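Written below as structure tokens is the structure these notes are about.
Numbering of residues begins at 1 and proceeds along the displayed sequence. This is a predicted model, so every value here is computed, not measured. Indexing begins at 1, ligand by ligand and atom by atom, following the structure's order.
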Amino acid sequence: MASTLTASRRCALVSSRRIFTLHGAHVAKELGGAGFRVTRILIPDGEGSKTLTHVARLYDHLARARMERQDPVFVLGGGTLGDAAGFAASTYLRGMPLVHIPTTLLAQVDSAIGGKTGVNLGRGKNLVGTIWQPAAVVCDTRMLETLSRRQLASGLAEVVKYACMARPALLRTVSRQLNAMLSAKPDVDAALVTACVRIKADVVSRDEREGDLRRILNFGHTFGHAVEKLSNYQLLHGEAVALGMLVALELSITAKRLNSEWVHSVYDCLRSIFPRLIFPEGRMSDLKRAMAHDKKVQSGKNAWIVLRRPGEPMAYEPESAEVRAAISRARANWKSTGK
Ligand SMILES: NC(=O)c1ccc[n+]([C@@H]2O[C@H](COP(=O)([O-])OP(=O)(O)OC[C@H]3O[C@@H](n4cnc5c(N)ncnc54)[C@H](O)[C@@H]3O)[C@@H](O)[C@H]2O)c1
Ligand SMILES: [Zn+2]
């Protein structure tokens, strides 16, 4: 890995104006100190900029800077920038070395790990992409100090996901550290990020191209993606996944006899992360249609990930009546935990 990165004396540092203003100078200085001549490239971030048009602009920047195939691309940003710039790095000159420096909690624990890159098309999210493993991922939790409470909470939903599907003990860690993490000067424990990275890296290294195993990372995402889309992306990804996990947990209770007391402790943890999150009233037929369009649907069926025990995920294909009932219970139970 080291030789991939040090084969060149030049590198591109891709970021957005906002993130570069907050953290770019420090990163550029470190890269300069390591002997790199740094070409700074600023592009927009956010879901709306994960498009082929923006990727084409990034290719143009790379071409104007006369980047060569061995020159590494460092991407400093959240998941949207990581996905789009990672896609450009994986395709420009048939692929350049890529280093992620994720700046959101979601990107540190999830999107920067595993090698998926991609952009959206008008017809759906992440429809075009590659699997391109980064040469390195550098997570510095101090960069999270400038993140909004809402973005931090959204990233924490993925941490709760890892707790549910792999390490239930993480739930207690999250609850214990929650006040510090969601304070005005957020303090996120690097050990918590490391624990999540290990879980994802372990799953992906055993199943890079999404056979059956990698799908367990989609716990909470079948319903989550549907409500995220139906909200026109007004719900952040993690907020939608939190609601999705509630539905998957309700299904797990009825279909797999998952311990309901433990499920209540997950409700409590999510409620303390999202004190004001409202379960949308969306029509069941719209939800069904949105779930049917999920990218992960195979032969027209949604394989849900449910838990047979805390930390033990499995695929399950419920009947639509079961899904309907689970959504109603999740909505009612979530309401009852609110103030
Ligand atoms: N590739 C994968 O495996 C994978 C996995 C999960 C999610 N994703 C993708 O990740 C994307 C979501 O990523 P995200 O949640 O990081 O969103 P994001 O990249 O849009 O970042 C959220 C907001 O935070 C701002 N920001 C970023 N870092 C900051 C910092 N340190 N301080 C202050 N503000 C900062 C950004 O400017 C942006 O406005 C989605 O497009 C999703 O599809 C990809
Ligand atoms: Zn997710």
Next on the checklist: With a cutoff of 4.0 Å, is K125 in contact with ligand 1, counting heavy atoms of the residue only?
Outcome noted: yes
Checklist outcome for this item: In this structure, atom 8 (N) of ligand 1 is nearest to the protein heavy atom S111 CB, 3.6 Å
Checklist entry - Mind checking whether E158 has a heavy atom under 4.0 Å from ligand 1? => result no
Next on the checklist: Under a 4.0 angstrom heavy-atom cut-off, which atoms of ligand 1 come close to E47?
Outcome noted: 40 (C), 41 (O)
Next on the checklist: In this structure, does ligand 1 have an atom that sits under 4.0 Å from one of the heavy atoms of K50?
Outcome noted: yes
Checklist outcome for this item: Out of L147, L236, T104, the nearest non-hydrogen contact to atom 35 (C) of ligand 1 is supplied by L147
Checklist entry - Tell me: protein heavy atom nearest atom 14 (P) of ligand 1, and distance? => result G79 N, 3.5 Å
Item to check | I101 CD1 to D140 CG distance, which is reported to the nearest 0.5 Å | outcome: 9.5 Å
Next on the checklist: Side chain or backbone, does M143 bring an N or O within less than 3.5 Å of an N or O on ligand 1?
Outcome noted: yes
Checklist entry - Going by distance only, is there an N or O of S16 that falls short of 3.5 Å from an N or O of ligand 1? => result no
Checklist entry - Is it true that atom NZ of K256 has more than 12 heavy atoms of other residues, nucleotides or ligands lying nearer than 6.0 Å? => result yes
Checklist entry - Please walk me through it: do V204 and L217 pass side chain to side chain contact (heavy atoms under 4.5 Å, CB included)? => result CA-CA 9 Å; V204 174; L217 295 167; 4.2 Å; yes
Checklist entry - Is the shortest N/O to N/O distance between R18 and ligand 1 below 3.5 Å? => result yes
Checklist entry - Hey, looking at atom 6 (C) of ligand 1, which of D110, T103, D45 has the closest heavy atom? => result D110
Item to check | Validation row, ring centre F223 to ring centre F279 under 6.0 Å | outcome: yes
Checklist entry - What about L171 and L192, same hydrophobic cluster or not, with Ile/Leu/Val/Met/Phe/Trp/Tyr joined at side-chain heavy-atom distances under 4.5 Å? => result yes
Item to check | H23: which of M143, R18, E145 passes side chain to side chain contact (heavy atoms under 4.5 Å, CB included) | outcome: M143
Item to check | Per-atom contacts, ligand 1 versus H23 - under 4.0 Å to a heavy atom | outcome: 31 (N)
Item to check | Joint hydrophobic cluster, L156 plus F219, side-chain heavy atoms closer than 4.5 Å | outcome: yes
Checklist entry - Taking atom types as modelled and ignoring hydrogens, do the side chains of H237 and E158 form a donor-acceptor contact shorter than 3.5 angstrom? => result yes
Next on the checklist: Taking CZ in R206 as the centre, count heavy atoms belonging to other residues, nucleotides or ligands within less than 6.0 Å. Is the count above 12?
Outcome noted: yes
Item to check | Nitrogen or oxygen atoms of T117 and ligand 1 under 3.5 Å apart | outcome: no
Next on the checklist: Per the side chain to side chain donor-acceptor pair (under 3.5 Å) rule, what does the pair list look like for residues 91-107, sequence neighbours excluded?
Outcome noted: Y59-T91
Checklist outcome for this item: atom 33 (C) of ligand 1 sits nearest the protein heavy atom T146 O, 3.1 Å
Checklist entry - On the ring face of F36, is R9 found with NZ or CZ under 6.0 Å from the centre and within 45° of the axis? => result yes
Checklist outcome for this item: In ligand 1, the atoms that come under 4.0 Å of a heavy atom of N126 are 43 (O)
Item to check | Test item, H225 contacting ligand 1 (heavy atom, 4.0 angstrom) | outcome: no
Item to check | Connected via hydrophobic side-chain network under 4.5 Å: M165 and W304 | outcome: yes
Checklist entry - What part of K200, side chain, backbone, both or neither, has a heavy atom within less than 4.0 angstrom of ligand 1? => result side chain
Checklist entry - With backbone taken as N, CA, C and O and side chain as the heavy atoms from C-beta onward, which portion of L106 lies under 4.0 Å from ligand 1: side chain, backbone, both, or neither? => result side chain
Checklist outcome for this item: Ranking D140, D83, L217 by closest non-hydrogen atom to atom 9 (C) of ligand 1, top hit is D83
Item to check | Derivation of the salt bridge (Lys or Arg N to Asp or Glu O under 4.0 Å) call for D60 and R57 | outcome: CA-CA 5 Å; D60 196 48; R57 287 197 195 130; over 6 Å; no
Checklist outcome for this item: Contact region, H237 to ligand 1, non-hydrogen atoms below 4.0 Å, reads neither
Item to check | Closest to atom 11 (C) of ligand 1 among N120, L152, T80, L144 (heavy-atom distance) | outcome: T80
Item to check | Side chains of L152 and L182 in contact at under 4.5 Å (non-hydrogen atoms) | outcome: yes
Item to check | Distance in Å, T39 OG1 paired with H61 NE2, rounded so as to fall on 0.5 Å steps | outcome: 11.5 Å
Checklist entry - Do you know how many protein N, O or S atoms are within a distance smaller than 2.8 Å of the Zn ion (ligand 2)? => result 3
Item to check | CD1/I278: more than 12 non-hydrogen atoms of other groups inside 6.0 Å | outcome: no
Item to check | Numbering as shown, the atoms of ligand 1 that approach L22 to under 4.0 Å (heavy-atom distance) | outcome: 32 (N), 33 (C)
Next on the checklist: Would the distance check show the side chain of W262 and the main-chain N or O of R309 forming a donor-acceptor pair, the cut-off being under 3.5 Å?
Outcome noted: no
Checklist entry - Which of the atoms in ligand 1, numbered in the order shown and given with their element, are less than 4.0 Å from a heavy-atom of Q151? => result 22 (C), 23 (C)
